[in-house]
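Every chain is numbered from 1, with letters handed out A, B, ... down the list of sequences.
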2 protein chains.
Amino acid sequence: MILDSETKAVELPEDHGDELRLWLRLLTCTTLIEGEVRGRLRERFDVTLPRFDLMAQLDKVPEGMTLSDVSKRMMVSNGNVTGLVERLVESGHLDRRTSDTDRRVQVIRLTKAGRAEFRRMAAEHQTWIADIFSDLSPKDVRELMRLLAKTKGSAQKSAQKRAR
Amino acid sequence: MILDSETKAVELPEDHGDELRLWLRLLTCTTLIEGEVRGRLRERFDVTLPRFDLMAQLDKVPEGMTLSDVSKRMMVSNGNVTGLVERLVESGHLDRRTSDTDRRVQVIRLTKAGRAEFRRMAAEHQTWIADIFSDLSPKDVRELMRLLAKTKGSAQKSAQKRAR
DNA sequence: GCCAATTGCTTGAAGCCTAAAGAAATGCAA
DNA sequence: TTGCATTTCTTTAGGCTTCAAGCAATTGGC
């Protein structure tokens, strides 16, 4: 911050190029890996990434979740979840019922077949990920985890500021 | 690697949980930031992220690029670019002409208005990114850059292995 | 020159995704 | 109780995205 001739605060255009380059690199990495995973899921299991992700959320919670829960966890819109769930119920992977205590709420769970199918996919998926990251040492992995956690915190803070 | 009683190589199920957690964190970070940027672009400039990205590619190359170039750089499909370009030409941001030397090729460039509009958006965009990453020290940024470069290399190697 | 393979782009079908508006159910306060 | 705000989900319109198939132009081998 500097002051001009009439003692008014003036912002100098700062250099934010490094952050921008970092963001682009982060995006490139993610896009690259996401594309790779998407392609393999399609090839091996004929399943889309969003469906896999949704099933992954449900696998963690056997008693099921509401659509809103899924929406928050996957960081996608409500309407999006509605459609995804529709198709997964249709294909027999998901079970859906209205809550007993609140008739607005839909609780979804993996069916037995859906769970079996997901487990089969997840096991292989994990080896793909390991292969994709195989050049990184355990120390690299730890360090990346730490820095990404810090990044996430920073981004959330920034998002919160805007939301007000 | 261990050997079984008949001296055959046997793979033990290894633990790949750390890599998986790393991937999920990477994805979360990117999704979070991407959503934030998308929202701000829409609010402030009523533009979508893909359009902004496409214009960013073109801003770097005043003489223009072919659709294939754009497709490779943005890491999206050809058909996707066709549609994006169509809408941006329609809105007057892009200029499109058939190559003189190869009539299959379409060369696209920013129009004068398109360039001005992009520069206006890009300046503000850069400050958003700086704010989003503001908790990271310069050292953090350097370290993240390094580790993501390594990650990208590793992912590319893995992708190449599969593509054969 | 001719033909086959390749390259650059478009099209079509299907699915993903968002924002915004709306319907239904709930909760809360007067 | 009534009325209003809120929550949960769905719907709609529009755009993004992929894959696969197809068309047109070019290139390279003969």
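Taking the salt bridge (Lys or Arg N to Asp or Glu O under 4.0 Å) definition, one finds that A:Asp95 meets it with A:Arg109, sequence neighbours left out. Residues passing the salt bridge (Lys or Arg N to Asp or Glu O under 4.0 Å) test with B:Lys152: none are found, sequence neighbours excluded. A:Val47 is linked by a side chain to side chain contact (heavy atoms under 4.5 Å, CB included) to A:Leu41, A:Phe45, A:Arg51, A:Met121, counting only residues two or more places apart in sequence or in another chain. Listed by chain and number, the residues in a side chain to side chain contact (heavy atoms under 4.5 Å, CB included) with A:Arg119 are A:Asp59, A:Arg115 (sequence neighbours excluded). A search for salt bridge (Lys or Arg N to Asp or Glu O under 4.0 Å) contacts involving A:Arg142 returns nothing, not counting sequence neighbours.
Note on B:Leu94 and B:Val61: same hydrophobic cluster, where clusters join Ile, Leu, Val, Met, Phe, Trp and Tyr whose side-chain heavy atoms are under 4.5 Å apart, directly or indirectly.
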Between the protein and nucleotides 1-6 of chain C, are there any N/O to N/O pairs under 3.5 Å, and if so, what are the atom names and distances?
none

Report all interatomic pairs (protein N or O, nucleotide N or O of nucleotides 16-19 of chain C) with separations under 3.5 Å.
from, atom 1, to, atom 2, distance (Å)
C:dC16, OP1, A:Thr48, OG1, 3.0
C:dC16, OP1, A:Arg51, NE, 3.2
C:dC16, OP2, A:Arg87, NE, 2.3
C:dC16, OP2, A:Arg87, NH2, 2.3
C:dC17, OP2, A:Asn80, ND2, 3.4
C:dC17, O5', A:Asn80, ND2, 3.1
C:dT18, OP2, A:Ser77, N, 2.6
C:dT18, OP2, A:Ser77, OG, 2.9
C:dT18, OP2, A:Asn80, ND2, 3.4

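Under the ring-ring contact (aromatic ring centres under 6.0 Å, His included) criterion, no residue pair touches residues 64-116 of chain B, with sequence neighbours excluded. Annotation: side chain to side chain donor-acceptor pair (under 3.5 Å) contacts involving residues 20-29 of chain A, sequence neighbours excluded, comprise A:Asp18-A:Arg21. Residue pairs meeting the ring-ring contact (aromatic ring centres under 6.0 Å, His included) criterion with at least one partner in residues 50-87 of chain A, sequence neighbours excluded, are A:Phe52-A:Phe118, A:Phe52-A:His125.
With B:Ser154 contributing its side chain and A:Ile132 its backbone, the two residues share a donor-acceptor pair below 3.5 Å.
Salt-bridge check for B:Glu143 with B:Arg146: passed, with a basic side-chain N closer than 4.0 Å to an acidic carboxylate O.
Considering only heavy atoms from C-beta on, A:Leu26 stays 4.5 Å or farther from B:Leu144 through its side chain.
Contacts between chain B and DNA chain D, taken as any atom within less than 4.0 angstrom of a protein heavy atom, begin and end at D:dG15 to D:dT26.
The stretch residues 52-73 of chain A touches DNA chain D through A:Thr66, A:Leu67, A:Ser68, each having a heavy atom within less than 4.0 Å of the strand.
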